[in-house]
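Structure first, then comments.
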Amino acid sequence: MKADFFKARKRFDFFPHPYDIGNLFGPWKRNADSHFVLKLYKLDAREYQDYYAHHLNHTLKNKISPEEEFFKQLWELIETRIKHFRNKNPHGSDHEQNLIRIEKLKQFQKFLMGVDRWNARPALLVIEEKDKIIQQYINEIEKLKQQIIQLTQYEVKQKISIEDEHLPTFIDLMQQMRNLRLPSDRLLLRCDHKITYAKMISKYFSHGEKDIPVETVRNYFVEKDGDIPTKGTSIYPDQQLFEIIGKK
C-alpha cells in the first residue's frame, strides 16, 4: 500500500494527532503500512471509524487517490496481514500474540465491510455476503407468512350487525359485562386495557351495516368520576335498555 495514503507524524513533533503514524524520529515511509497496523492494534473498535476517516481525509485532501482506491488498498493490506499471521508456525513462542493480532485485524476488516459501498472487496466475498442477506430475507418472509396464516384464521367473512342507532345500547351491555363478578367475587372478565374492548367491537361488529371506527368506540370506554364519564361519549338512560343480573 502506498505510504502517501497515511497521515504521517512529522519528525520531532512532540504533540502529534493521536491517529498519525510513525514515531518521533520520522515515519520511515517504507514501513508506513506496518506503522498503520501497529497503531491499529492499540485502538478500540469504537475508534475504527475515526481512524479510517483520519487517513482517508489525508488521502483525499492531497489528491492521492479516490476513496474507492484507498479502500481497496487498505482491504488488501489487512487481508495480507491476516494471511501472514495465519501462516506463522503455530508452535512458535509468538503464536498467542499472533492470534490476538489476527482477531484485531478481523475486527477492523468487519468494520471495512460496512464501509464498502462499491463492492470493492473480492467478488466471492461480496457474493457470499449477499447470499447471507438474501437468506435472512427469505427466512424473515417465511416468518411473516406464518404470522399472516395465524392472524387470518381469526378473520370473519361477516361482522355481527348491531341494529341502527343502538350502538350505545350494545356498548352499555359490554360495560355491564366488564363489571360482572363471580360468586368468588372475582371479575368474570379481566383486561387492564380498555382499548382492547374498542378494538374487538370495531373488528367483529358493524353498526347499521357500516364499519365502526375504533376511536368511536374508544370514546365510550373512558375514566369515570362516580357514574359520570370525565370525557368521551355518554350512554343516556333511554339507551340503556337491558340489565344483566346474575342468577341467585
Query raised in the report: Is there a path of hydrophobic side-chain contacts, each under 4.5 Å between heavy atoms of I, L, V, M, F, W or Y residues, that connects I148 with Y154?
Result: no

**Report entry** Heavy-atom check, side chain of H17 versus side chain of H54, under 4.5 Å
**Finding:** yes

Requested in this report: Please work out which of the three classes, parallel, tilted or perpendicular, describes the rings of Y51 and H55, given edges at 30° and 60°.
Outcome: perpendicular

Query raised in the report: If we only count heavy atoms from C-beta on, is the H95 to N89 side-chain gap below 4.5 Å?
Result: no

Query raised in the report: Could you state the interatomic distance from CG (L105) to NE2 (H84), rounded to the nearest 0.5 Å?
Result: 10.5 Å

Query raised in the report: What's the verdict on side chain to side chain donor-acceptor pair (under 3.5 Å) for D4 and H58, showing C-alpha distance, side-chain angles and the deciding distance?
Result: CA-CA 9 Å; D4 292 341; H58 165 77; over 6 Å; no

Requested in this report: Mark yes when over 12 heavy atoms from residues, nucleotides or ligands other than E165 sit less than 6.0 Å from its CD; otherwise mark no.
Outcome: no

Query raised in the report: Salt bridge check: are R101 and E96 linked by an N-O gap of less than 4.0 Å?
Result: no

**Report entry** Student check: side-chain heavy atoms of Q239 and I171 closer than 4.5 Å
**Finding:** no

**Report entry** Distance-minimising heavy-atom pair for R9 and F14
**Finding:** NH2-CA, 4.2 Å

Query raised in the report: Should K10 and P16 count as side-chain neighbours, where that means a heavy-atom distance under 4.5 Å?
Result: no

Report task. Indicate if M174 and V156 have the same hydrophobic cluster label, given that clusters are the connected sets of ILVMFWY residues with side-chain heavy-atom separations under 4.5 angstrom. Result -> yes

**Report entry** Taking every non-hydrogen atom, the tightest pair across V214 and A198
**Finding:** O-CB, 4.0 Å

Report task. For the pair E76 and K72, evaluate salt bridge (Lys or Arg N to Asp or Glu O under 4.0 Å) and give the outcome as yes or no after the intermediate values. Result -> CA-CA 6 Å; E76 185 176 346; K72 287 180 179 179; over 6 Å; no

Requested in this report: Evaluate whether atom CD of E163 has more than 12 neighbouring non-hydrogen atoms of other residues, nucleotides or ligands under 6.0 angstrom away.
Outcome: no

Query raised in the report: Do E140 and Q136 have side-chain atoms, one donor and one acceptor, less than 3.5 Å apart?
Result: no

**Report entry** side-chain contact (heavy atoms from CB on, under 4.5 Å) assessment of N119 paired with K130
**Finding:** CA-CA 10 Å; N119 291 328; K130 289 187 178 298; 3.7 Å; yes

Requested in this report: Could you pull out the closest heavy-atom pair between Q176 and I244, with the gap in Å?
Outcome: OE1-N, 2.7 Å

Report task. Could you walk me through whether D50 and Y19 pass side-chain contact (heavy atoms from CB on, under 4.5 Å), step by step? Result -> CA-CA 8 Å; D50 292 338; Y19 295 146; 3.6 Å; yes

Report summary line: One should read off an interatomic distance between F71 CZ and S65 OG, to the nearest 0.5 angstrom, of 12.5 Å

Report summary line: Looking only at heavy atoms, the pair that brings H166 and H207 closest together is N-NE2, 3.5 Å

Requested in this report: Take Q146 and Q150 through the test side chain to side chain donor-acceptor pair (under 3.5 Å) and record every step on the way to the result.
Outcome: CA-CA 6 Å; Q146 293 303 317; Q150 292 176 8; 5.4 Å; no

Query raised in the report: If you measure only the distance, is there a donor-acceptor pair under 3.5 Å linking the side chains of S202 and R218?
Result: no

Query raised in the report: Centres of the F70 and Y52 rings: under 6.0 Å?
Result: yes

Report task. Report, as yes or no, whether the 6.0 Å neighbourhood of atom CD on Q135 holds more than 12 heavy atoms from other residues, nucleotides or ligands. Result -> yes

Report summary line: Note: L60 and E67 closest approach over all heavy atoms is CD2-N, 3.8 Å

Query raised in the report: Is N98 reaching over with its side chain to a backbone N or O of D94, donor-acceptor style, under 3.5 angstrom?
Result: yes

Query raised in the report: Can you hop from Y204 to I195 via hydrophobic side chains spaced under 4.5 Å?
Result: no

Report task. Go through the steps to decide whether D20 and K39 satisfy the test salt bridge (Lys or Arg N to Asp or Glu O under 4.0 Å), and finish with yes or no. Result -> CA-CA 9 Å; D20 285 355; K39 186 173 288 291; over 6 Å; no

Requested in this report: Given salt bridge (Lys or Arg N to Asp or Glu O under 4.0 Å), test E155 with K203 step by step and report yes or no.
Outcome: CA-CA 9 Å; E155 295 295 330; K203 183 176 179 64; 3.0 Å; yes

Requested in this report: Going by the ring pair (Phe, Tyr, Trp, His ring centres under 6.0 Å) test, name the single residue among Y220, F205, F242 that passes it with F170.
Outcome: F205

Query raised in the report: About how many Å separate CG of L40 and CD1 of I21, when rounded to the nearest 0.5 Å?
Result: 11.5 Å

**Report entry** Under 3.5 Å donor-acceptor, N62 side chain and I64 backbone
**Finding:** no

Report summary line: Output for pair (K104 NZ, D44 CG), nearest 0.5 Å, gives 6.0 Å

Report task. Look at atom CZ of R181 and say whether more than 12 heavy atoms of other residues, nucleotides or ligands are closer to it than 6.0 Å. Result -> yes

Query raised in the report: Got a second to check how far T216's OG1 is from D211's CG, nearest 0.5 Å?
Result: 11.0 Å

Requested in this report: First locate atom CG of L43, then atom CZ of F111, and finally report the distance between them rounded to the nearest 0.5 Å.
Outcome: 11.0 Å

**Report entry** Test item: E103 and L99 side chains (from C-beta on) under 4.5 Å apart, heavy atoms
**Finding:** no

Report summary line: Minimal heavy-atom distance between L182 and L187, with the atoms involved, is CD1-O, 4.3 Å

Query raised in the report: Do the side chains of L74 and F108 get nearer than 4.5 Å, heavy atoms only?
Result: yes

Query - Trace of the side-chain contact (heavy atoms from CB on, under 4.5 Å) decision for S206 with Q158 - result: CA-CA 9 Å; S206 63; Q158 181 182 18; over 6 Å; no

Query raised in the report: Are M200 and I162 linked, directly or through other ILVMFWY residues, by side chains that come within less than 4.5 angstrom of each other?
Result: yes

Query - Qualifying residue for side chain to side chain contact (heavy atoms under 4.5 Å, CB included) with W75, from L112, D116, V115, T80 - result: L112

Query raised in the report: Does a sphere of radius 6.0 Å around CD in Q240 hold more than 12 heavy atoms from other residues, nucleotides or ligands, not counting ones at 6.0 Å or beyond?
Result: yes

Query raised in the report: Side-chain donor-acceptor pair under 3.5 Å between Y197 and Q175, yes or no?
Result: no

**Report entry** Single-linkage hydrophobic cluster I201~L189, side-chain heavy atoms < 4.5 angstrom
**Finding:** yes

